[in-house]
Protein chains: 2
Amino acid sequence: MTLTTAEENYLKAIYHLSDGATKSVSTNDVAAEMKTKPASVSDMLRKLGDKEVIEYRKYYGVNITEEGKKLALQTIRKHRLWEVFLVEKLQFAWDEVHEVAEELEHIQSPLLIQRLDSYLNFPKFDPHGDPIPDEYGDVRARPRLALNEMEVDQSGQIVAVKDSSAAFLKYLDKVGAYIGARIKVLDKVEFDGSMEILVDQKKTLFMSKDVAANILAIQS
Amino acid sequence: MTLTTAEENYLKAIYHLSDGATKSVSTNDVAAEMKTKPASVSDMLRKLGDKEVIEYRKYYGVNITEEGKKLALQTIRKHRLWEVFLVEKLQFAWDEVHEVAEELEHIQSPLLIQRLDSYLNFPKFDPHGDPIPDEYGDVRARPRLALNEMEVDQSGQIVAVKDSSAAFLKYLDKVGAYIGARIKVLDKVEFDGSMEILVDQKKTLFMSKDVAANILAIQS
DNA sequence: AAATATTTTTAGCTATATCTAAATAAATAT
DNA sequence: ATATTTATTTAGATATAGCTAAAAATATTT
């Protein structure tokens with residue numbers, strides 16, 4: 001099953017709106033997400049239904065099929081790998097990558113994606129901390145938890161931030177925390193919830209509970 | 001002036017067919033190059049004429065304009081930079097890059113190309129030895145000459161091969177010659193035209209006139 | 001210079017992806 | 001349970017990019 005660029009974009013939107021293929025999605029929601037008119041969406045849903053990537057019952061919204069989920073995850077995989085490339089290799093900022101990745105994700109070449117993945121050292125998360133599905137569409141999305149929820153002696157890796165304001169990112173950069181950093185909780189003060197964190201097995205970092213609550217990590 | 005992907009491809013074809021904007025090009029030639037029908041080409045020529053990237057006189061073929069030349073060179077620049085990326089960074093083979101680069105060249109992001117250029121260290125030639133235009137469309141295509149036309153003590157850089165058969169490429173690889181290699185002519189035997197070449201200031205290479213005639217270099 | 005051949009264009013059709021306006025189905029309120 | 005509102009679909013346009021078949025212009029032969 002091959003999809004056009006437009007179909008791929010719609011399918012991706014439906015996948016996102018359906019919260020990873022669980023709930024069903026309305027025509028209006030898709031129109032809002034895609035910034036098109038409901039009439040255009042109806043048309044596209046019929047097409048995607050014919051291709052059996054969604055289950056479409058007129059007037060009752062759509063559910064993504066297993067096949068559709070697989071295709072959507074492939075597109076998401078490509079998008080996120082390109083984001084990693086743009087940030088790590090071409091020095092793009094977090095907020096500059098989305099639009100370009102939106103174009104790059106539609107390049108058709110399995111070899112290209114395979115090689116890119118390898119070149120980037122098989123990253124598991126994109127620069128925003130979102131997980132990158134593997135080539136079979138599996139997302140090994142280990143549950144993310146805020147740093148303040150971790151216990152003393154637990155180790156993990158920073159994968160995202162809740163607050164992505166310039167001020168907060170600047171602060172993180174200054175203290176040497178970053179997406180991908182390996183961390184370990186050295187101490188947790190019961191009184192105010194502030195924490196002592198070991199970063200990359202060398203730097204020690206003190207942070208308030210407020211800061212810790214805005215940093216997301218996976219346990220390892 | 002912005003062009004669609006299809007328009008960009010036609011313009012590139014016209015640029016190539018017109019031998020770098022000199023001669024005029026017929027509808028049939030464009031149709032052959034683009035693998036479409038002359039009727040489709042007529043339509044497209046009218047559009048490109050309206051956008052003033054070509055000068056179109058019905059029944060008399062087209063000439064590319066200065067504006068069109070600039071745009072075509074930008075597309076060519078992007079194509080060739082991506083080819084360098086695919087070969088140097090993602091280990092693609094020479095003959096695997098064209099189709100993917102054909103897709104990548106249409107990504108619209110000046111920043112992306114600027115950064116890619118810098119990341120690749122401002123290459124002047126693509127993996128086939130074709131020159132990469134700069135961001136103003138200037139092609140500093142220093143004249144290429146066959147190795148056997150160079151004189152003793154002259155230095156240069158290998159930029160292309162005439163014979164790109166697998167056998168010849170294999171041979172070159174084996175003896176340590178490659179696109180981009182810096183070379184110097186150490187000796188030239190008058191009797192049979194065979195040559196002694198210094199490669200990258202370390203390896204010395206003996207080659208027959210036949211081989212030398214199939215290697216293209218620029219002088220430095 | 002007229003006839004023939006070739007090239008190019010036009011006219012009309014198809015498919016994708018969008019739109020607006022009108023019609024219809026479903027959901028909500030009275 | 002009927003009326004009203006909201007959501008969705010259908011019908012009929014538009015633009016791009018392709019096609020075939022027929023018409024027209026140019027080029028080549030005789």
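Within every chain, numbering begins at 1; the chains are lettered A, B, ... in the order of the sequence lines, protein sequences first and strands thereafter. Basis for what follows: all heavy atoms, side chains included, without hydrogens, waters or symmetry-related copies.
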Phosphate OP1/OP2 of C/dT7 contacted by B/Thr27 side-chain N/O (<4.0 Å): no
Phosphate contact (D/dT9 OP1 or OP2) by A/Ser42 side-chain N/O below 4.0 Å: yes
D/dA17 phosphate, OP1 or OP2, under 4.0 Å from B/Lys37 side-chain N/O: no
N/O (side chain, A/Tyr10) to phosphate O (OP1/OP2, C/dT18) under 4.0 Å: yes
Sugar-phosphate, base or nothing in reach of B/Ala6, heavy atoms under 4.0 Å: sugar-phosphate
Salt-bridge present (A/Glu102, A/Lys78; N to O < 4.0 Å): no
Rounded distance (Å) that lies between atom P of D/dT8 and atom CG of A/Leu45: 10 Å
Quiz item: cation-pi between B/Arg115 and A/Phe92, 6.0 Å / 45°: yes
Nearest-Å distance for atom pair CG/C1', residues B/Asp43 and C/dC13: 13 Å
N/O (side chain, A/Asn28) to phosphate O (OP1/OP2, D/dT8) under 4.0 Å: yes
Nearest-Å distance for atom pair OH/P, residues A/Tyr59 and C/dA26: 7 Å
Spacing between A/Arg46 atom CZ and D/dT8 atom P, to the nearest angstrom: 17 Å
side-chain N/O A/Tyr60 vs C/dA26 OP1/OP2, d < 4.0 Å: yes
A/Ser26 and A/Asn28: side chain donor to acceptor below 3.5 Å: no
Nearest listed nucleotide, side chain of B/Tyr56, among C/dT9, D/dT16, C/dT8: C/dT9
Minimum-distance nucleotide (side-chain atoms of A/Glu7 versus C/dA17, C/dT8, D/dC19): C/dA17
Side-chain N or O of B/Ser26 closer than 4.0 Å to phosphate OP1/OP2 of C/dT7: no
A/Lys58 side-chain N/O to C/dA26 phosphate OP1/OP2 under 4.0 Å: no
Cation-pi check, B/Lys89 onto A/Phe85 ring (under 6.0 Å, within 45° of axis): no
OP1 or OP2 of C/dA17 under 4.0 Å from side-chain N/O of A/Thr4: yes
Integer-rounded Å distance: C/dT18 P and A/Lys47 NZ: 7 Å
B/Tyr171 side chain to B/Asn214 side chain, donor-acceptor N/O pair below 3.5 angstrom: no
Distance, rounded to the nearest Å, where B/His106 contributes NE2 and D/dA17 contributes P: 11 Å
